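One structure below.
Residue numbering restarts at 1 for every chain, and letters A, B, ... go by the order of the sequence lines. Just so you know, these numbers come straight off a predicted model, no measurement behind them.
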Protein chains: 2
Amino acid sequence: MVEEPAGSREHAAELNSWVRGLLARVEDKWGVLILGVLAAGGLRYSELGRHLPGVSQRMLTLSLRRLERDGLVTRTVTPVNPPQVDYALTEVGLSLHRTMLVLLGWAKDHEEYIHRSRERFDAEHRGTG
Amino acid sequence: MVEEPAGSREHAAELNSWVRGLLARVEDKWGVLILGVLAAGGLRYSELGRHLPGVSQRMLTLSLRRLERDGLVTRTVTPVNPPQVDYALTEVGLSLHRTMLVLLGWAKDHEEYIHRSRERFDAEHRGTG
DNA sequence: CCGTATCCTCCAGGATACTG
DNA sequence: CAGTATCCTGGAGGATACGG
């Protein structure tokens, strides 16, 4: 169906530990979303939560910690009362977000195609069982 | 930390159902890997399995069905004995794979940065508790 | 306000055994 | 060879309650 680019197939499996290790942590259900929200500007913890419908405090904190640990997000504590904590993207975090937008672009570009593929598949596999 | 691009923040949350719906299925642990292996040329079911260390027959079949349903992979049955089934990427499947390679590129470019970020974070949070 | 601590649920995905 | 059918487990992640 597609021209074979004479690629190294081993490289493909090597991709495993890679994508799993480095990108799975961005894909922990809230990671990418947080990047997306913060891309429009830094926010406080509670504001962030409000922009992510359905997130639990637990997961919000966990995800933020991971992103901070990876140097994608900064955490700034202002010792006032009540305490204030601001989160913002680092340059690297922003660059990852931009890369994710490429993926989002792909998805939008092929939304219709995928939708039709599914309908056809489902139709063909109803009669055939 | 980063210039605010005056982005629409709502758009970010809208990303939710999107990425979850369309890309999570490619991210079903084996989806991307299968695309990677098939990008070097079509393969039979068993060959595919051999190129994906640790995959179970169950998941291999499930993932392939999903990819086929989405129009990313073709399944061609040759009625010989023993039966032969070949899988290959469609053009759209190949384009998705190329997009994933962009992500892989990002990861490689920032591997060192992330590694150092983690070490620093872990060091700083050992003493502080 | 900004979290941490606990408990609990749910399901992706592995192991295994069987068929056309 | 190319799957399907079952059973089973780990761990991601939600709900809730509490603390500085």
Atom pair distance, as rounded to whole Å: [atom1] in [X] and [atom2] in [N]:
{"X": "B:Glu47", "N": "D:dA2", "atom1": "CD", "atom2": "P", "value": "8 Å"}
{"X": "A:Leu60", "N": "C:dA5", "atom1": "CG", "atom2": "P", "value": "16 Å"}
{"X": "A:His125", "N": "D:dG3", "atom1": "NE2", "atom2": "P", "value": "12 Å"}
{"X": "A:Lys29", "N": "D:dG11", "atom1": "NZ", "atom2": "P", "value": "19 Å"}
{"X": "B:Arg75", "N": "D:dA2", "atom1": "CZ", "atom2": "P", "value": "10 Å"}
{"X": "B:Leu48", "N": "D:dG3", "atom1": "CG", "atom2": "P", "value": "10 Å"}
{"X": "B:Leu64", "N": "D:dT4", "atom1": "CG", "atom2": "C1'", "value": "14 Å"}
{"X": "A:Met59", "N": "C:dG3", "atom1": "CE", "atom2": "C1'", "value": "15 Å"}

Report task. Please report the closest heavy-atom contact between A:Leu60 and A:Leu48, naming both atoms and the distance. Result -> CD1-CG, 4.4 Å
Query - Heavy-atom pair with the smallest gap, counting every atom of B:Gly93 and B:Leu35 - result: O-CD1, 4.2 Å
Does [X] reach the side chain of [Y], with side-chain heavy atoms less than 4.5 Å apart?
{"X": "B:His97", "Y": "B:Leu101", "result": "yes"}
{"X": "A:Ile34", "Y": "A:Val55", "result": "no"}
{"X": "A:Arg50", "Y": "A:Glu47", "result": "yes"}

For [N], does OP1 or OP2 lie under 4.0 Å from any side-chain N or O of [X]?
{"X": "B:Ser46", "N": "D:dA2", "answer": "yes"}
{"X": "B:Arg66", "N": "C:dA12", "answer": "no"}
{"X": "B:Arg65", "N": "D:dG3", "answer": "yes"}
{"X": "A:Tyr87", "N": "C:dG3", "answer": "yes"}
{"X": "B:Arg44", "N": "D:dA2", "answer": "yes"}

To the nearest 0.5 Å, tell me how far [X] [atom1] sits from [Y] [atom2].
{"X": "A:His110", "Y": "B:Glu91", "atom1": "NE2", "atom2": "CD", "result": "10.0 Å"}
{"X": "B:Gln57", "Y": "B:Thr61", "atom1": "CD", "atom2": "OG1", "result": "6.5 Å"}
{"X": "B:Ser117", "Y": "A:Leu67", "atom1": "OG", "atom2": "CG", "result": "11.5 Å"}

Requested in this report: Select one nucleotide: of D:dA2, C:dG3, D:dG13, the one nearest the side-chain heavy atoms of B:Tyr45.
Outcome: D:dA2
Query raised in the report: Who passes side-chain contact (heavy atoms from CB on, under 4.5 Å) against B:Arg75, sequence neighbours left out?
Result: B:Arg65, B:Glu68, B:Val77, B:Val85, B:Tyr87
Report task. Sugar-phosphate atoms are those with a prime plus P, OP1 and OP2; base atoms are the rest. Using that split, label each nucleotide of nucleotides 15-20 of chain C B, S or - for protein heavy atoms under 4.0 Å, 5' to 3'. Result -> B-B--B
Requested in this report: Would you kindly compare B:Leu62 and A:Arg50 by the position of their nearest DNA chain C nucleotide and give the one closer to the 5′ end?
Outcome: A:Arg50
Requested in this report: Before giving the answer on side-chain contact (heavy atoms from CB on, under 4.5 Å), spell out for A:Arg116 and A:Glu112 the whole-Å C-alpha distance, their side-chain angles and the decisive distance to 0.1 Å.
Outcome: CA-CA 6 Å; A:Arg116 283 196 304 270; A:Glu112 266 307 298; 3.3 Å; yes
Query raised in the report: If pairs are Watson-Crick or G-U with both distances under 3.5 Å, what is the dot-bracket string of DNA chain C, marking crossing pairs with [ ] and pairs to another strand with |?
Result: |.||||||||||||||||||
